[in-house]
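Comments concern the structure below.
Because the structure is a prediction, the values reported are computed rather than measured.
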Amino acid sequence: MTRRGATFASVAIPLALVAVLALLPGMVGAYETHLLILTLLAIGLAVSYRPLLLAHQVSLAHGALYAIGAYGFAILGVDHGVSFWLAIAAGGVFAVAASIVIGIPSLRTSDAYFLLITFAFSVVVISLIQNTESLTGGFAGIAGIPYPPGVKTEDDFFYLSLVVVAVTVAVFILLDRSRWGLELRGIGSSSDLAESIGIGRTGALLLAFAIGALFAGILGGIYASFIGFIAPQSFSLWLSVSILTSVIVGGVRYVWGGVIGAAFITLVPLLFNFGGSWEAIFGAVSVIVVLFAMRHGIVTELVAYCRRRFGSAPTASVPVGGALGNLDGGPIPTRLPIGANHVLEVRGIAKSFGGVHAVRGVSFQLCAGETLGLIGPNGSGKTTTFDLISGFRRPDGGEVKVNGAALAHSPHRVVRGGLARTFQATSVFTGMTVFENVLLAAGAHTRRNPLRRLLLPVRRSRRERRIAEGILDELGLAASAGALAEDLPYGHKKVLGIAIALATDPDVICLDEPATGMTEAEIAHLIAVLEHLRSTRQIAIIVIEHRLAVIRTLCDRVVALRAGEVISEGDAETVLDSPEVAEAFLGGSAE
């Protein structure tokens with residue numbers, strides 16, 4: 001489908017769906033209308049929860065935030081006479097406040113720890129609702145919650161719910177296409193790589209938590225108004241589990257996965273009158289069956305199938321072309337002269353883990369356009385040195401400066417100071433195209449208007465698109481721009497990792513074992529890429545590499561480490577041929 005056709009379809013299909021839903025109240029009975037309203041609210045909840053799961057953060061707090069919005073609305077509206085829409089908005093604000101309170105500490109953790117903290121939060125919220133009778137009515141609940149002004153029948157309430165949920169879905173589709181949505185996908189793929197290009201993990205996730213909580217709280221108020229009565233049993237822990245189940249069954253990758261998953265998980269038990277444990281059993285069986293048959297969820301797998309069946313799949317092979325020309329066997333390009341001033345200064349950095357000194361007083365300098373090799377046997381402190389330089393670990397002593405300015409001790413701020421790095425194990429963002437990988441890096445480190453980051457579709461960022469397209473063409477990756485990054489040949493993933501770092505416009509690039517696992521042909525390609533960069537850009541490069549032939553070919557100077565200390569420093573030939581280095585690597589003399 002052409003881009004214009006895809007844009008038309010993305011607008012026409014949802015509008016057609018809303019139009020069909022708008023006709024349903026006149027075609028079904030009151031009971032079916034009641035079920036449809038509950039299903040719409042479940043869809044809104046699933047869609048508002050999805051951003052966290054997109055970033056691979058599994059929360060069991062969303063049902064509790066829904067409850068906070070419902071009770072906040074009911075208490076203000078029933079007990080204090082606050083107007084309906086103001087009370088609804090206040091319920092959303094209460095949920096946001098709660099998400100920030102729990103999000104700040106919990107989002108500093110990950111995986112099982114984050115899940116357990118949000119689970120404990122839900123337990124605490126439910127317990128408070130049950131035991132604060134003066135405020136929430138305890139197990140007796142709150143009754144007499146009114147309908148919204150102007151809404152008199154259940155059909156009217158259906159249309160109100162349809163509008164609220166349609167707006168919710170539209171907002172999250174817009175957010176999904178924004179730079180923030182792309183950042184969440186990057187965090188979900190590799191949080192370390194995302195931070196290395198300038199994405200603040202905690203801030204992005206806290207925003208996802210807060211925006212999801214706002215809509216959950218508003219939907220909680222709508223639910224309370226619809227039912228007219230709320231009690232603790234309406235907000236059991238199963239509610240949060242069912243929200244999670246809905247998104248997993250539908251598929252995380254697309255907003256419509258939450259829509260389809262929530263409709264399936266909610267509507268089927270209601271239609272067949274599953275209650276209690278049978279509803280939970282249905283949800284569990286659905287997850288098992290869907291994940292066995294469709295590993296990534298219904299909508300994600302359906303879209304992938306349609307692309308394979310009806311689309312033209314972009315090639316994942318990387319022809320050598322673009323500005324690089326003929327890399328293999330071609331003449332080595334003329335290098336730019338090495339600058340006179342130090343672009344990177346590392347002074348006496350040290351790091352200990354318990355009683356083990358991983359790095360002790362390491363110092364070196366690097367000029368613009370110079371390539372420095374960092375070598376040493378396993379356990380010599382090379383990667384720890386990289387982590388200290390790039391902000392992934394805080395040094396016990398010493399300092400790191402780029403262009404005379406001290407670098408911050410957090411990776412997403414370090415890259416703004418002009419230093420980027422790659423990783424040995426994780427070099428690309430999986431689940432994203434080659435173009436999206438570089439596009440994400442092209443703007444992640446720059447400060448921008450928060451509203452533009454949230455609302456402007458990332459593909460409308462012309463400057464960042466030009467940067468990404470130029471780098472892909474320069475490094476010979478343009479023909480694979482539409483391919484998924486994980487489908488690239490291994491050696492070309494490494495080149496893409498360099499392209500990602502290059503998109504941050506760095507003064508210094510730190511390459512962590514770039515030739516590991518490569519064939520000789522892939523190594524030759526990598527060396528040609530780096531030689532091209534040195535001949536066209538005056539970027540300082542630090543390379544950690546165990547293949548000393550690569551170090552000998554690429555590096556102007558070499559720093560050798562052993563047991564966290566510098567044992568030799570100088571030009572590549574002198575250091576590599578020194579007895580100290582031979583002894584460090586081989587345990588004996590140079591002979």
Side-chain angles (χ1 to χ4, degrees), residues 192 196 338-368 370-411 413-415 417-424 506-513 540-546 548 551 554-590:
D192 282 348
S196 76
I338 295 175
N341 297 324
H342 292 147
V343 66
L344 173 68
E345 299 174 81
V346 179
R347 297 178 179 174
I349 57 173
K351 185 67 179 180
S352 298
F353 300 97
V356 178
H357 297 286
V359 176
R360 292 192 284 190
V362 170
S363 300
F364 55 83
Q365 294 80 36
L366 192 61
C367 296
E370 185 180 20
T371 301
L372 175 73
L374 195 61
I375 65 172
N378 288 331
S380 60
K382 303 184 300 299
T383 299
T384 303
T385 300
F386 258 29
D387 289 344
L388 296 174
I389 292 172
S390 57
F392 280 89
R393 294 189 187 277
R394 182 180 292 270
D396 298 332
E399 65 177 352
V400 179
K401 291 184 176 182
V402 172
N403 294 321
L407 292 182
H409 296 306
S410 60
R413 291 191 176 95
V414 164
V415 71
L419 187 144
R421 70 167 292 180
T422 65
F423 296 85
Q424 178 185 348
D507 297 305
V508 182
I509 295 181
C510 302
L511 304 178
D512 191 356
E513 300 194 31
I541 300 174
I542 309 178
V543 182
I544 293 177
E545 186 52 61
H546 284 290
L548 299 186
I551 294 291
L554 280 176
C555 298
D556 303 296
R557 289 190 302 118
V558 174
V559 172
L561 300 179
R562 181 173 61 185
E565 296 181 313
V566 176
I567 59 171
S568 183
E569 180 179 0
D571 65 87
E573 295 296 334
T574 301
V575 173
L576 293 176
D577 294 337
S578 68
E580 296 89 347
V581 172
E583 183 180 359
F585 272 89
L586 304 175
S589 65

Any side-chain heavy-atom pair from [X] and [Y] closer than 4.5 angstrom?
X    : Y    : value
F392 : V414 : no
I375 : L576 : yes
R347 : K401 : yes
V566 : L561 : yes
L344 : V400 : yes

Identify the heavy atoms of [X] and [Y] that sit nearest to each other, and give their distance.
X    : Y    : result
R562 : E580 : NH1-O, 4.5 Å
C510 : L419 : SG-CD2, 4.0 Å
A350 : R360 : CB-CA, 4.3 Å
E569 : F364 : OE2-CB, 3.9 Å
P506 : A420 : CB-CB, 3.9 Å
T384 : F353 : CG2-CE1, 4.2 Å

So, taking the atom named [atom1] in [X] and the one named [atom2] in [Y], what distance separates them when rounded to the nearest 0.5 Å?
X    : Y    : atom1 : atom2 : result
E573 : S578 : CD    : OG    : 11.5 Å
E545 : L374 : CD    : CG    : 11.5 Å
L366 : L372 : CG    : CG    : 5.5 Å
S196 : D512 : OG    : CG    : 11.5 Å
R413 : L407 : CZ    : CG    : 12.5 Å
R421 : I509 : CZ    : CD1   : 13.0 Å

Any donor and acceptor pair, going by atom type alone, linking the side chain of [X] with main-chain N or O of [Y] inside 3.5 Å?
X    : Y    : result
R557 : E370 : no
D396 : S352 : yes
K382 : G376 : yes
D556 : T371 : yes

Pick one: which of V359, V559, I544 meets side chain to side chain contact (heavy atoms under 4.5 Å, CB included) with T385?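 Going through V359, V559, I544 one by one, the side chain to side chain contact (heavy atoms under 4.5 Å, CB included) with T385 is satisfied by V359 alone.
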
